[in-house]
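Worth saying up front: this structure is predicted, and the values here are computed from it rather than measured. Just the heavy atoms: all of them, side chains too, but no hydrogens, waters or symmetry mates, feed the values below.
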Amino acid sequence: MKLPAGVEVGVCSHTGLVRGANEDDYLVATLPLDGGGLIAAIADGMGGAAGGAEASRTALRALGATMLDSDKIPAGGVDSVSARMSSGFQSANVRVLESADAVPVLRDMGTTMTALWLGPSGGILGHIGDTRLYRLRGDDYEVLTADHAVKEGESLLTRCIGGGQLVCDADYEEVEVQVGDRFVLCTDGVWNVVSSRDFVELAFCRGAQETAEKLVKSALDAGGPDNATVVVVDMASSGTSGAKEVDLPRHERPDARSLWPASVSLRPSVWSCLVLFVAVCLLIYSALKSFIIDR
């Protein structure tokens, strides 16, 4: 993909050491609006191996389609991007609910989602659930998102996309952006496992890709009980010019459809019919035999 001038991106995702499938997903794309920009988003699905993977993928695709559609909302600075972000989250909720209604086994699926748009006019944050966005500036860091959960670290969400919730009650916020800022998006499989001290130390590593990989590795070293995904976006120092092409790694994203349970035929089994027929014949034979003996 082509990154805007002065932007570095690193991504890493892993199933973990306990889960059988990766229900996390991420999105990184450049946007043809307001002089360009970058959208980075992360989602952590729920609802079982099939449901979680499908929910996160569906939500991110809906968000990306809305953000990339230049005809949906006229360009015009932060206000238009904020409206587009909100529209993207609502579209994601509708798509996830539609998919859940269409496939019974996916009925309870849902997902968290945290998205950050970065452009010439600043940044816009959209967030729901307990995925997180951190901003590192100088020697300081802060969490820009609030977890929508009953208790930190327990994954009992109070808000999400899908999950039977008809309304997507996401948070939206303008984000101040300076040259040299680093933004780290991660799922709870990272921030809930890696200690705060180690997280901060690793988050300040050099290189966006190296940082993403080290944070995920740290989660695995801590036991890897959950899927772990990190997206790092660096607003590079001044002096960087010109857009550039990069190949982002794709880790452990199997086709979610391959995780769906095999379809079951509604037709009665031939063998079950045959067994029933034989059983009936035996009952008739036994009754006739008893009748003949009695006579």
Nearest-0.5 Å distance that lies between atom CD in Glu98 and atom OG1 in Thr58: 10.0 Å

If you measure from the Lys or Arg side-chain nitrogens to the Asp or Glu carboxylate oxygens, is any gap between Asp188 and Arg132 under 4.0 Å? no

Sequence-distant partners of Glu201, salt bridge (Lys or Arg N to Asp or Glu O under 4.0 Å), two or more places apart: none

Quick check: do Trp191 and Asp130 have side-chain heavy atoms less than 4.5 Å from each other? yes

Does Thr211 reach the side chain of Arg182, with side-chain heavy atoms less than 4.5 Å apart? yes

Do Asn227 and His14 touch side chain to side chain, with heavy atoms closer than 4.5 Å? no

Nearest 0.5 Å please: distance from the OG1 atom of Thr30 over to the CE atom of Met67. 11.5 Å

Okay, side chain of Glu23, backbone of Ser56: is any donor-acceptor separation there less than 3.5 Å? no

Taking the six-membered ring for Trp, is the centroid-to-centroid distance between Phe204 and Tyr141 below 6.0 Å? no

Do Cys186 and Phe199 make a side-chain contact, defined as non-hydrogen atoms from C-beta onward lying under 4.5 Å apart? yes

Result for side chain to side chain contact (heavy atoms under 4.5 Å, CB included) between Leu133 and one of Val184, Val231, Val233, Thr145 points to Thr145

Would you say the side chain of Ser13 lies within less than 4.5 Å of the side chain of Val216, judging by non-hydrogen atoms? no

I want to check something: taking the side chain as every heavy atom from C-beta on, are Ile124 and Val175 in contact at a cut-off of under 4.5 Å? no

Could you give me the CA-CA distance, side-chain angles and deciding distance for Tyr26 and Asp24, then say whether side-chain contact (heavy atoms from CB on, under 4.5 Å) is met? CA-CA 7 Å; Tyr26 63 84; Asp24 291 353; over 6 Å; no

In terms of ring plane angle, is the pair Phe89 and Tyr172 parallel, tilted or perpendicular, where the classes change at 30° and 60°? perpendicular

Among Leu157, Thr112, Asp108, which residue meets the side chain to side chain contact (heavy atoms under 4.5 Å, CB included) test with Met46? Leu157

Scan Val11, Leu185, Ile39 and name whichever one has a side chain to side chain contact (heavy atoms under 4.5 Å, CB included) with Val28. Val11

Side-chain touch Glu176/Gln178, heavy atoms, less than 4.5 angstrom: yes

Presence of salt bridge, Arg137 and Asp181, under 4.0 angstrom: yes

Looking only at heavy atoms, the pair that brings Asp171 and Arg159 closest together is OD1-NH1, 3.0 Å

Within-4.5 Å side-chain heavy-atom neighbours: Glu173 and Leu144: no

